[in-house]
Protein chains: 2
Amino acid sequence: MVCYKFGKKMNNNSIFIEKLRSSGLRPTKQRLEICRLLFDRKKTFHFTITDLCKIIKKEINKKISLATIYNTVHSFKKKGYLKEISVNREKSYFDTNTSDHHHFLDIKTNELIDLKKEDVDKINIKKNLPGKKITSIEVLVKIENNN
Amino acid sequence: MVCYKFGKKMNNNSIFIEKLRSSGLRPTKQRLEICRLLFDRKKTFHFTITDLCKIIKKEINKKISLATIYNTVHSFKKKGYLKEISVNREKSYFDTNTSDHHHFLDIKTNELIDLKKEDVDKINIKKNLPGKKITSIEVLVKIENNN
DNA sequence: TTGTAATTTATAATGATTCTAAAGTAGTGT
DNA sequence: ACACTACTTTAGAATCATTATAAATTACAA
Ligand SMILES: [Mn+2]
Ligand SMILES: [Mn+2]
Ligand SMILES: [Zn+2]
Ligand SMILES: [Zn+2]
């Protein structure tokens, strides 16, 4: 749902309004504010709900309740506009990049960095489990500072 | 620390006692009971702390306090006898297989299944981040029932 | 046996997430 | 424009997992 997906970056909300409507979600003030914060950016955004709460508090005049933030993020996830990336017990990230892709994780800062699918040679799983099919393959590459 | 790592399966605790001592952990009744439950088995064991609490309640006569269970699992992890595998927000597993390896995750049952390193062709990351080095590469293969 | 530090324990505190039920709002039809 | 209804937001409570606290117990070395 990242804004530039639908053409040039927009200064208005019409794209979001349309997108929300087409998903059966009413374009409320709260949802639109959150859309702007999440999707009105060029780069992938990785955030925890706690991060998002802080950003909202800083950037938005009117308060958005915690329950609404949770509801909104979860409905965006359900509609496929966000992907959830679980890196450890403490941190579950949501990702505005909903394409099939992998991640670097800086184990000191917990920063996530996108790895395009093309950045990783095709993963070949030699073992197969009878009666099961593979639905996704995710690679997490943990990194830390050199030296 | 899996028991058979040190030779044939033992019926006594001497191996655990020795191993704990050599790690600077006193071999208390509680730690030994937990060792038995976790490591006295042939197959890799994947468990959540909640799982372990239930098993302890069922299999052990004397109660072990919740705090001790947490402390024990975390110190075993710190000493390298357990590995933590985070699959989603709801589930963080500990793994008695501390070797470098990957996992299948059944997305319906949340069951983890080990994938030996040899079961996955060598992962080649084409992108590299200046100033960072890779410390591990983990693959999570999500699966579900066929049909 | 004694002294000390490590460990266990019950319980409280914290923090994140979900639930609840009441108030507010958006879209529909008139 | 108005009213109706379903959807949404909200504050606050409830729940759940995890961590902190501080007192009692235990391991073990002297
Ligand atoms: Mn979710
Ligand atoms: Mn831990
Ligand atoms: Zn990403
Ligand atoms: Zn494993």
Side-chain angles (χ1 to χ4, degrees), chain A residues 13-14 16-37 46-57 60-79 81-82 84-94 110, chain B residues 13-14 16-37 46-57 60-79 81-82 84-94 110:
Chain A
N13 289 332
S14 49
F16 294 136
I17 292 176
E18 190 184 317
K19 210 61 186 155
L20 289 172
R21 280 228 182 80
S22 78
S23 311
L25 297 174
R26 290 184 179 173
T28 62
K29 259 194 324 301
Q30 293 86 344
R31 284 174 178 159
L32 286 169
E33 290 288 5
I34 293 175
C35 275
R36 249 177 256 124
L37 291 176
H46 298 114
F47 63 95
T48 63
I49 292 200
T50 312
D51 294 338
L52 181 58
C53 290
K54 286 181 194 140
I55 293 172
I56 287 170
K57 207 168 294 173
I60 308 283
N61 316 324
K62 198 179 164 307
K63 175 185 184 196
I64 299 181
S65 80
L66 185 60
T68 297
I69 298 173
Y70 273 93
N71 289 340
T72 301
V73 167
H74 285 133
S75 52
F76 285 4
K77 179 186 171 189
K78 190 176 306 173
K79 295 301 180 180
Y81 301 133
L82 292 172
E84 194 166 1
I85 314 288
S86 175
V87 300
N88 57 44
R89 194 163 7 82
E90 302 80 53
K91 296 269 183 184
S92 190
Y93 285 100
F94 290 88
N110 268 333
Chain B
N13 290 330
S14 48
F16 295 137
I17 292 176
E18 190 184 318
K19 210 62 186 151
L20 288 171
R21 280 228 181 80
S22 78
S23 311
L25 298 174
R26 291 183 177 173
T28 62
K29 258 194 326 298
Q30 293 86 345
R31 284 174 178 158
L32 286 170
E33 291 287 7
I34 293 174
C35 276
R36 250 177 257 123
L37 291 176
H46 297 114
F47 63 96
T48 64
I49 292 201
T50 311
D51 293 338
L52 180 57
C53 290
K54 286 182 195 140
I55 293 172
I56 287 170
K57 205 167 297 173
I60 308 284
N61 316 323
K62 199 181 165 303
K63 175 186 184 192
I64 299 180
S65 80
L66 185 59
T68 297
I69 297 172
Y70 273 93
N71 290 340
T72 301
V73 168
H74 285 132
S75 54
F76 286 3
K77 180 187 169 188
K78 189 176 306 172
K79 296 301 180 179
Y81 301 132
L82 291 173
E84 195 166 358
I85 313 288
S86 174
V87 300
N88 57 43
R89 194 163 6 84
E90 301 81 53
K91 294 269 184 186
S92 190
Y93 285 99
F94 291 88
N110 269 334

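Below, each value reflects all heavy atoms present in this structure, side chains not excepted, and no hydrogens, waters or symmetry copies. Order of the sequence lines fixes the chain letters, A, B, ..., with proteins taken first and strands second; residue numbering starts at 1 for each chain.
For A:R31 (side chain) and A:T72 (main-chain N/O), no donor-acceptor pair under 3.5 Å exists by modelled atom type.
The minimum heavy-atom distance linking A:L32 with A:P27 is given by the pair CD1-O, 3.8 Å.
A distance of 3.0 Å separates OG1 of A:T48 from CG of A:D51, quoted to the nearest 0.5 Å. Atoms CG and NZ, from A:N13 and A:K19 in turn, are 15.5 Å apart once rounded to the nearest 0.5 Å.
Distances shown here put a side-chain N or O of B:T68 below 4.0 Å from the OP1 or OP2 atom of C:dT9. For C:dA26, neither phosphate oxygen OP1 nor OP2 lies less than 4.0 angstrom from any side-chain nitrogen or oxygen of A:T28. Between B:R26 and the phosphate of D:dC28, there is no side-chain N or O to OP1/OP2 separation shorter than 4.0 Å. When the side-chain nitrogen and oxygen atoms of B:K29 are compared with OP1 and OP2 of C:dT7, none of them lie within a distance under 4.0 Å. OP1 and OP2 of D:dC16 both lie 4.0 Å or more from every side-chain N or O belonging to B:R89. For the OP1/OP2 pair of D:dT26 and a distance below 4.0 Å, the side-chain nitrogens and oxygens of B:Q30 include no atom meeting the criterion. In this structure, A:K62 reaches the D:dT10 phosphate: one of its side-chain N or O atoms is under 4.0 Å from OP1 or OP2. Put simply, B:Y70 has no side-chain N or O that comes within less than 4.0 Å of OP1 or OP2 on D:dT19.
We find that OH of A:Y93 is positioned 15 Å from C1' of C:dA16, with the value rounded to whole Å. Atom CG in A:L32 sits about 19 Å away from atom P in D:dC7, given to the nearest Å. For A:L66 and D:dT9, the CG to P distance is 13 Å, given to the nearest whole Å. What separates CD of B:E33 from C1' of C:dT8 is a distance of 14 Å, to the nearest Å. Atom pair B:L20:CG and D:dT26:P shows a separation of 18 Å (rounding to whole Å applied). Atom pair A:E18:CD and C:dA26:C1' shows a separation of 18 Å (rounding to whole Å applied). Taking atom CD1 of A:I69 as the reference point, atom C1' of C:dG15 lies 16 Å away to the nearest angstrom. Remark: C1' of C:dT25 and CG of A:L25 are 15 Å apart, rounded to the nearest angstrom.
Between the side chains of A:N71 and A:T68, no donor N or O sits under 3.5 Å from an acceptor N or O.
Here the nucleotide nearest the side chain of A:S65, chosen from D:dA11, C:dA16, C:dT8, is D:dA11. Picking from D:dT10, C:dT9, D:dT19 the nucleotide with the shortest atom distance to the side chain of B:H74 gives D:dT19.
Put simply, the side chain of A:K77 does not reach to within 4.5 Å of the side chain of A:V73, judged on heavy atoms. For the pair B:F47 and B:I55, the minimum side-chain heavy-atom distance is 4.5 Å or more.
Take the nearest nucleotide of DNA chain C for B:G24 and for B:K63: the residue whose nucleotide is more 5' is B:G24. Residues B:R21 and A:A67 each lie close to DNA chain D; by heavy-atom proximity, the contact nearer the 5' end of the strand is made by A:A67.
With respect to A:R21 and A:E18, no salt bridge is recorded, no charged nitrogen being found less than 4.0 Å from a carboxylate O.
Only at 4.0 angstrom or more do the heavy atoms of residues 46-57 of chain B sit from any atom of DNA chain C, so none qualifies.
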